[in-house]
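Residue numbers begin at 1 in each chain, while the letters A, B, ... track the order of the sequences.
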Number of protein chains: 2
Amino acid sequence: MLDAKTIAAKLEEAGVQATAQRIAIYQYIVCEADHPTAEEIKDWADQNFPKMSLATVYNTLNILVAAGLLKDYRFPNMSKVIYDSNVVHHHHFLDDETGQLIDIDPDVVEVTSKLKKEFHISQIQILFRGTRQTVRK
Amino acid sequence: MLDAKTIAAKLEEAGVQATAQRIAIYQYIVCEADHPTAEEIKDWADQNFPKMSLATVYNTLNILVAAGLLKDYRFPNMSKVIYDSNVVHHHHFLDDETGQLIDIDPDVVEVTSKLKKEFHISQIQILFRGTRQTVRK
DNA sequence: TTACCTGCAAACTCTTTGCACCGCA
DNA sequence: TGCGGTGCAAAGAGTTTGCAGGTAA
């Protein structure tokens, strides 16, 4: 759990003025939330912040994405945008039973593609789908 | 280019009543269109079909997807749904310059993942991003 | 003081739905 | 004749924007 001061420093470092709302949202996404949608963030704010409009939630998220502090994703199964505080390149595993999204380290995955040489690949995004068997005794 | 009769047969085979609108839309997607959006289909219909409402376009697309004749995709960079008449499993290449989406045969790609055994993978969807260098003389 | 941020409501985009009509089996 | 498909318009979900007021450097 990072404290507000650390969060504020990260915002400033990324060139984003650290306001109360921005600190709260970013802290929530980094520390508590797991791939939240704008709606989830708004719900959280309604319970944990004096007052924050939906527009501010969206504005803030867009600013944080533009500053490189968050990444936004769209996935096949849902119409809403998902925000991720993990901005280094990684893949995802989608649990089709729970809907949970789990980050996958690229080092765990190896891709060998024999595409024609006219394709210049700058990035590979993989979505694994399936179910996650929780270990039982 | 498949004729209307063949298209109609495919629809019936999939348990979808073959109406003029459905034949037209499916034929367009199979023969002419390249990963169209609902909007592109509507635009095409406005110019090539006596009269078709937007609701019919959406209804038809949903029916065709449910029948397994089309697959719908959402990609990170666009908010609209994309329809694909290629329903066998495949990957995609997104040209970041032109926005064009190109089907990639899974046989051309090999993925080795060392995920923990609790992850039961049923499907892997890969999105390659980059640019496509058209061959020049 | 001034630039920037916030809140509100309205607008906008994409998609779905309710209902009346119509045509084909 | 009836069931299902179509068209229209309105509603719905998710997101963006314009503007007035506020707040901190």
Side-chain angles (χ1 to χ4, degrees), chain A residues 4-5 7-9 11-12 14-26 28-29 35-46 48-67 69-83 99, chain B residues 4-5 7-8 11-12 14-29 35-46 48-67 69-83 99:
Chain A
K5 197 156 280 180
I7 294 290
L11 291 174
E12 299 285 4
V16 175
Q17 190 173 310
T19 67
Q21 289 86 339
R22 292 171 183 181
I23 292 169
I25 289 179
Y26 189 48
Y28 170 63
I29 300 177
H35 300 97
T37 61
E39 193 185 10
E40 280 167 49
I41 293 162
K42 173 68 165 107
D43 289 346
W44 172 86
D46 284 343
N48 297 276
F49 199 87
K51 185 171 253 197
M52 196 184 310
S53 77
L54 186 55
T56 297
V57 171
Y58 277 107
N59 286 337
T60 300
L61 290 171
N62 288 338
I63 287 166
L64 296 180
V65 169
L69 292 170
L70 294 180
K71 255 195 83 56
D72 55 344
Y73 290 97
R74 260 171 225 279
F75 287 98
N77 56 123
M78 53 192 101
S79 54
K80 302 181 186 182
V81 175
I82 291 275
Y83 295 90
Chain B
K5 197 156 280 180
I7 294 289
L11 291 174
E12 300 285 5
V16 175
Q17 190 173 311
T19 67
Q21 289 86 339
R22 292 172 182 180
I23 293 169
I25 289 179
Y26 188 48
Q27 188 173 34
Y28 170 62
I29 300 177
H35 299 97
T37 60
E39 192 185 11
E40 280 168 48
I41 294 163
K42 173 69 164 107
D43 288 347
W44 172 86
D46 284 344
N48 298 276
F49 199 88
K51 184 171 255 199
M52 196 185 310
S53 76
L54 185 55
T56 296
V57 171
Y58 277 108
N59 286 336
T60 299
L61 290 171
N62 289 338
I63 286 165
L64 296 180
V65 168
L69 291 169
L70 294 180
K71 254 195 85 56
D72 54 346
Y73 290 97
R74 260 171 225 280
F75 287 98
N77 54 124
M78 51 192 103
S79 55
K80 301 181 187 182
V81 175
I82 292 276
Y83 295 91

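Under the side chain to side chain donor-acceptor pair (under 3.5 Å) criterion, Ser79(A) pairs with no residue, sequence neighbours left out. With sequence neighbours excluded, no residue forms a side chain to side chain contact (heavy atoms under 4.5 Å, CB included) with Ala66(A). Evaluation of the salt bridge (Lys or Arg N to Asp or Glu O under 4.0 Å) rule for Asp46(A) yields Lys42(A) as partners, not counting sequence neighbours. Applying the salt bridge (Lys or Arg N to Asp or Glu O under 4.0 Å) test to Glu12(B) and every residue at least two apart in sequence or in another chain returns nothing. Residues passing the side chain to side chain contact (heavy atoms under 4.5 Å, CB included) test with Asn62(B), sequence neighbours excluded: Tyr83(B). Judged as a side chain to side chain contact (heavy atoms under 4.5 Å, CB included), and not counting sequence neighbours, the contacts of Tyr58(A) are Ala38(A), Leu54(A).
Put simply, the side chain of Asp72(A) does not reach to within 4.5 Å of the side chain of Leu61(A), judged on heavy atoms. Contact check for Val81(A) versus Thr37(A): no side-chain heavy atoms found under the 4.5 Å cut-off.
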Dump the pairs, protein N or O against N or O of nucleotides 12-16 of chain D, anything under 3.5 Å, distances to one decimal.
| residue | atom | partner | partner atom | Å |
| --- | --- | --- | --- | --- |
| dG14(D) | OP1 | Lys80(A) | NZ | 3.3 |
| dT15(D) | OP1 | Val81(A) | N | 2.9 |
| dT15(D) | OP2 | Tyr58(A) | OH | 2.5 |
| dT15(D) | O5' | Tyr58(A) | OH | 3.4 |
| dT16(D) | OP2 | Asn62(A) | ND2 | 3.1 |

What's touching nucleotides 19-24 of chain D from the protein side, N or O pairs under 3.5 Å?
none

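Summarising the geometry of Phe75(B) relative to Arg74(A), their closest heavy-atom pair is O-CD, 3.6 Å, with the distance given to 0.1 Å.
Non-hydrogen atoms lying under 4.0 Å from DNA chain D are contributed by Gln17(B), Thr19(B), Gln21(B), Arg22(B), all within residues 15-28 of chain B.
The distance from atom CD1 of Ile41(B) to atom OG1 of Thr60(B), rounded to the nearest 0.5 Å, is 9.5 Å.
A close approach under 4.0 Å does not occur between any side-chain nitrogen or oxygen of Thr56(B) and OP1 or OP2 of dT6(D).
Extent of DNA chain C lying under 4.0 Å from chain A heavy atoms, first and last nucleotide in 5' to 3' order, is dC4(C) to dA9(C).
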Under 3.5 Å, sequence neighbours excluded: what are the donor-acceptor pairs made by side chains of residues 19-27 of chain B?
| residue | atom | partner | partner atom | Å |
| --- | --- | --- | --- | --- |
| Thr19(B) | OG1 | Arg22(B) | N | 3.3 |
| Arg22(B) | NH1 | Gln17(B) | O | 3.1 |
| Gln27(B) | NE2 | Leu2(B) | O | 2.7 |

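Applying the salt bridge (charged side-chain N to carboxylate O under 4.0 Å, His left out) test to residues at least two apart or on different chains, none of the pairs has a partner in residues 53-64 of chain B.
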